[in-house]
Chemist: 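Here's a structure for you.
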Amino acid sequence: MQHIINLRPIFIALILLTCYCSSLSAQQTPTGPRVLVVVAHPDDETAAAATIYKITHELNGLVDQCVITNGEGGYKYSTLAESYYGLELTDEAVGRANLPRIRKQELMNAGKIIGTHNIYFLDQKDAHYGLDEHEPLDTSWNVAWINTRLKEILKENHYDYVFCLLPVPGTHGGHKAASLLALRAVQSMPQNMRPIVLGMSGSSKTDTTSTSLEQLKDYTETKILKDAPVFSFDKSKPFGYNNKLTYKIIVNWEIAEHKSQGTMQLAMNMGDYENYWYFALNGAAGVEKCKVLFKQLQTIPYKTKVY
């Protein structure tokens, strides 16, 4: 009996994942862009939530996610989620034991909203917050295995694009590490098989300073192509009846699923643009392809009804 009780969460997770995949299999065969989003934590994908929604729902594309950790290091921000989940998640032992399961389910819920197809969980340790990318790369992550798995995923699925967080110096060390591994995996592929890698960032129309990156120090793979534009999707552009709708609504729905991370909810309605930086390792030939994609993203397909 003890063994049956211990295995029950695994059975439940398998049932949930099977249901999730079954619902996706019923969708129309994708004919649009194929994208892999590579991030460190469940909820990092919110940086591209509106773009992902546009690709999956309006361009008939496919978007997969590869999430390197389960985000259990976020237990410090779970105060308000404790009553929701009935667990003292801010206790480190309780949080680390339960957040991997909780945050996976939250990400699957969020994925249903924005149209994620497959989610690859790599189950690496989310040790703690810090700015040093060496901590996960040299200590808590099995980098050799991650590299192998990323290459397998890329080879199997023939993506057009890989999205990762822009590795600016001031961002989470795990974010930088995930982006470095994504860049290296693509860089290891034959030139004619490489997807275009874009670095995600956000901005607002009221920003007085802009994000800037030429290259993360010591990492030549992060060099930005100097003459390439920064591609953007304006998620604040109004449409619909009386121009009362924007794609920020979709992002808010998506953020709301990440209930265990209280600080995420503060990101609702923040930012106007989802920005994408073009890495030099892509070569210049892919710039025109990106221009076509982002021109397609600007189109709003919904007819405004007259009442």
Chemist: Examine Met264 and Ile68 and state if one hydrophobic cluster contains both, with Ile, Leu, Val, Met, Phe, Trp and Tyr joined whenever side-chain heavy atoms are less than 4.5 Å apart.
Modeler: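 No.
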Chemist: Quick check against the 3.5 Å criterion: does Ser179 have a side-chain atom that pairs as donor or acceptor with the backbone of His175?
Modeler: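 Looks like yes, one N/O pair under 3.5 Å.
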Chemist: Classify the angle between the aromatic ring planes of Phe294 and Tyr276 as parallel (below 30°), tilted (30 to 60°) or perpendicular (above 60°).
Modeler: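 Judged by the thresholds at 30° and 60°, the geometry between Phe294 and Tyr276 is tilted.
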Chemist: Quick check on the hydrophobic clustering: are Leu166 and Val37 connected, directly or via other members, by side-chain heavy-atom contacts under 4.5 Å?
Modeler: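 No, it is not one cluster - the side chains of Leu166 and Val37 are not joined through contacts under 4.5 Å.
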Chemist: Measure the spacing between OG1 of Thr46 and CD of Glu274 and express it to the nearest 0.5 Å.
Modeler: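 Reported to 0.5 Å precision, the distance equals 8.5 Å.
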Chemist: Any side-chain heavy atom of Asn118 sitting closer than 4.5 Å to one from Ile153?
Modeler: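 They are not in contact (no side-chain heavy atoms under 4.5 Å apart), so the answer is no.
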Chemist: Distance-only, no hydrogens or angles: does the Arg103 side chain make a donor-acceptor pair with backbone N or O of Ser260 under 3.5 Å?
Modeler: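 Side chain of Arg103 to backbone of Ser260: no pair is present.
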Chemist: Nearest 0.5 Å, please: how far is CG in Asp234 from OG in Ser203?
Modeler: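 Here the interatomic distance stands at 9.0 Å.
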Chemist: Give the minimum heavy-atom separation between Asp43 and Leu107, together with the two atoms involved.
Modeler: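 That closest heavy-atom pairing would be N-CD1, 4.4 Å.
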Chemist: Given the rule that I, L, V, M, F, W and Y join up when any side-chain heavy atoms are under 4.5 Å apart, are Leu183 and Ile146 in one cluster?
Modeler: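 Result: yes, single cluster for both.
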Chemist: Treat each ILVMFWY residue as a node, draw an edge where side-chain heavy atoms are under 4.5 Å apart, and state whether Phe279 and Leu150 are in one component.
Modeler: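 Yes, Phe279 and Leu150 fall within the same hydrophobic cluster.
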Chemist: Would you find more than 12 non-hydrogen atoms of other residues, nucleotides or ligands less than 6.0 Å from Met189 atom CE?
Modeler: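 More than 12 within 6.0 Å, yes.
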Chemist: Using the side-chain contact (heavy atoms from CB on, under 4.5 Å) rule, pick out the option among Asn142, Val67, Asn70 that qualifies with Gln124.
Modeler: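 Exactly one pass, corresponding to Asn142.
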Chemist: Drop me the distance from Lys223's NZ to Thr220's OG1, to the nearest 0.5 angstrom.
Modeler: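 Taking NZ in Lys223 and OG1 in Thr220, the distance rounds to 9.0 Å.
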Chemist: Any sub-3.5 Å donor-acceptor pair from Tyr159's side-chain atoms to Ile196's backbone N or O?
Modeler: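 It does not hold such a pair.
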Chemist: Counting only heavy atoms not in Lys76, do more than 12 fall under 6.0 Å of its NZ?
Modeler: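 No.
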Chemist: For the residue pair Pro238 and Asn243, what are the closest heavy atoms and their distance?
Modeler: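 The answer is CB-O, 3.4 Å.
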Chemist: Do Val38 and Leu181 pass the side-chain contact (heavy atoms from CB on, under 4.5 Å) test, and can you show the C-alpha distance, the side-chain angles, and the key distance before you say yes or no?
Modeler: CA-CA 9 Å; Val38 181; Leu181 293 176; over 6 Å; no
Chemist: Spell out, as yes or no, whether a donor-acceptor pair under 3.5 Å connects the side chain of Gln65 to the backbone of Ile119.
Modeler: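 No.
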Chemist: Answer whether the closest heavy-atom distance between the side chains of Glu45 and Thr116 falls below 4.5 Å.
Modeler: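 The answer is no; the side chains never approach within 4.5 Å.
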Chemist: Flag yes if more than 12 heavy atoms outside Leu131 fall under 6.0 Å of its CG atom; otherwise flag no.
Modeler: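 Atom CG in Leu131 is packed in, count exceeds 12.
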Chemist: Which word best sums up how the rings of His172 and His41 line up, parallel for under 30°, tilted for 30 to 60°, or perpendicular for over 60°?
Modeler: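 Correct class here is tilted.
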Chemist: Hey, what's the ring geometry for Tyr161 with Phe163, parallel, tilted or perpendicular (30° and 60° as the breaks)?
Modeler: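 Answer is tilted, since the angle falls between 30° and 60°.
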Chemist: Would you check if Met193 and Leu154 make a side-chain contact, meaning some heavy-atom pair closer than 4.5 Å?
Modeler: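 Not in contact.
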Chemist: Are side-chain heavy atoms of Tyr302 and Glu58 found at a separation under 4.5 Å?
Modeler: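 SC-SC contact between Tyr302 and Glu58 confirmed.
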Chemist: Got a donor-acceptor contact below 3.5 angstrom from the Lys226 side chain to the Ala280 backbone?
Modeler: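 Flag not set: sc Lys226 to bb Ala280 has no pair under 3.5 Å.
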Chemist: Evaluate the side-chain contact (heavy atoms from CB on, under 4.5 Å) criterion for residues Val35 and Thr51: first the C-alpha distance (whole Å), next the side-chain angles of each, then the deciding distance (0.1 Å), finally the verdict.
Modeler: CA-CA 11 Å; Val35 180; Thr51 303; over 6 Å; no
Chemist: Is a donor on one side and an acceptor on the other found under 3.5 Å between the side chain of Thr56 and the backbone of Tyr53?
Modeler: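 Yes, Thr56 side chain to Tyr53 backbone: donor-acceptor pair under 3.5 Å.
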Chemist: State yes or no: do Ile300 and Ile249 share one hydrophobic cluster built from I, L, V, M, F, W and Y residues joined by side-chain heavy-atom distances below 4.5 Å, directly or via other members?
Modeler: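 Same cluster.
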Chemist: Distance alone, cut at 3.5 Å: any donor-acceptor contact between the side chains of Glu135 and Tyr129?
Modeler: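 No.
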Chemist: Donor-acceptor check, side chain of Arg96 to backbone of Ala127, threshold 3.5 angstrom: yes or no?
Modeler: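 Pair found, side chain donor or acceptor close to backbone of Ala127.
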Chemist: Is there side-chain contact between Asn98 and Arg101, with heavy atoms separated by less than 4.5 Å?
Modeler: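 In short, these two side chains touch, coming nearer than 4.5 Å.
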Chemist: Taking atom OH of Tyr85 as the centre, report whether more than 12 heavy atoms of other residues, nucleotides or ligands fall under 6.0 Å from it.
Modeler: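 Result for OH/Tyr85: enclosed.
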Chemist: Where is the tightest heavy-atom contact between Trp277 and Thr211, given as atom of each residue plus distance?
Modeler: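 Closest approach of Trp277 to Thr211: CH2-O, 3.2 Å.
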Chemist: For Thr171 and Val168, indicate whether the former's side chain and the latter's backbone hold a donor-acceptor pair under 3.5 Å.
Modeler: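 Not a single qualifying donor-acceptor pair exists.
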Chemist: How about Asn157 and Leu62: do any of their side-chain heavy atoms sit closer than 4.5 Å?
Modeler: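 Not touching, per the 4.5 Å side-chain cut-off.
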Chemist: Looking at Lys237 and Asp272, is there a salt bridge between them, counting it only when a charged N and a carboxylate O are closer than 4.0 Å?
Modeler: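 Result for this pair is no, no salt bridge flagged.
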Chemist: More than 12 heavy atoms of other residues, nucleotides or ligands under 6.0 Å from CD of Glu214: is that the case?
Modeler: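 No.
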Chemist: Would Lys155 and Glu152 pass as an ion pair if we require N to O under 4.0 Å?
Modeler: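 The answer is no: the pair does not qualify as a salt bridge.
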Chemist: Does Glu133 use its side chain to pair, donor to acceptor, with the backbone of Lys176 at less than 3.5 Å?
Modeler: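 Between the backbone of Lys176 and the side chain of Glu133 there is no qualifying donor-acceptor contact (under 3.5 Å).
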Chemist: Heavy atoms only: give me the nearest Ala50-Phe233 pair and the separation to one decimal.
Modeler: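 In this case the closest contact between Ala50 and Phe233 is CB-CE2, 3.7 Å.
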Chemist: Answer yes when Asp123 and Lys104 have at least one side-chain N-carboxylate O distance shorter than 4.0 Å, and no when they do not.
Modeler: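 Counted as a salt bridge, because a side-chain N and a carboxylate O are separated by less than 4.0 Å.
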Chemist: Test your reading of the model: is there a side-chain donor-acceptor pair from Glu106 to the backbone of Lys259, 3.5 Å cut-off?
Modeler: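 Such a contact is found between Glu106 side chain and Lys259 backbone.
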Chemist: Of the non-hydrogen atoms in His258 and Ala110, which two are nearest, and what is the gap between them?
Modeler: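 Heavy atoms of His258 and Ala110 come nearest at NE2-CB, 3.8 Å.
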Chemist: Begin from the C-alpha positions of Gln265 and Ile255 and carry the test side-chain contact (heavy atoms from CB on, under 4.5 Å) through to its verdict.
Modeler: CA-CA 6 Å; Gln265 313 308 309; Ile255 289 173; 3.9 Å; yes
Chemist: Would you compute the distance between atom CG of Leu216 and atom CG of Leu180 and round it to the nearest 0.5 angstrom?
Modeler: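 Answer rounded to 0.5 Å: 6.5 Å.
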Chemist: CG of Asn275 to CG of Leu198: how many Å apart, nearest 0.5 Å?
Modeler: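 Here the rounded value is 11.5 Å.
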Chemist: Run Ser236 and Lys248 through side-chain contact (heavy atoms from CB on, under 4.5 Å) and show every step you take.
Modeler: CA-CA 6 Å; Ser236 70; Lys248 285 187 176 185; 3.9 Å; yes
Chemist: Please check if atom NZ in Lys217 has more than 12 non-hydrogen atoms from other residues, nucleotides or ligands closer than 6.0 Å.
Modeler: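 Incorrect, the count does not exceed 12.
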Chemist: Is there side-chain contact between Arg194 and Asn282, with at least one heavy-atom pair below 4.5 Å?
Modeler: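 The answer is no; the side chains never approach within 4.5 Å.
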Chemist: If you round to the nearest 0.5 Å, how far is CE of Met108 from NZ of Lys112?
Modeler: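 Spacing of NZ (Lys112) from CE (Met108) equals 7.5 Å.
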Chemist: I'd like to know whether OH of Tyr84 has more than 12 heavy-atom contacts from other residues, nucleotides or ligands below 6.0 angstrom.
Modeler: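 For Tyr84, atom OH is not crowded (no more than 12 foreign heavy atoms under 6.0 Å).
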Chemist: Please tell me if the side chains of Leu281 and Val197 come closer than 4.5 Å, counting only heavy atoms from C-beta onward.
Modeler: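 Contact flag for Leu281/Val197 side chains = yes.
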Chemist: Determine the minimum heavy-atom distance between Thr69 and Pro42, stating which atoms define it.
Modeler: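 Reported closest heavy-atom pair: O-CD, 3.5 Å.
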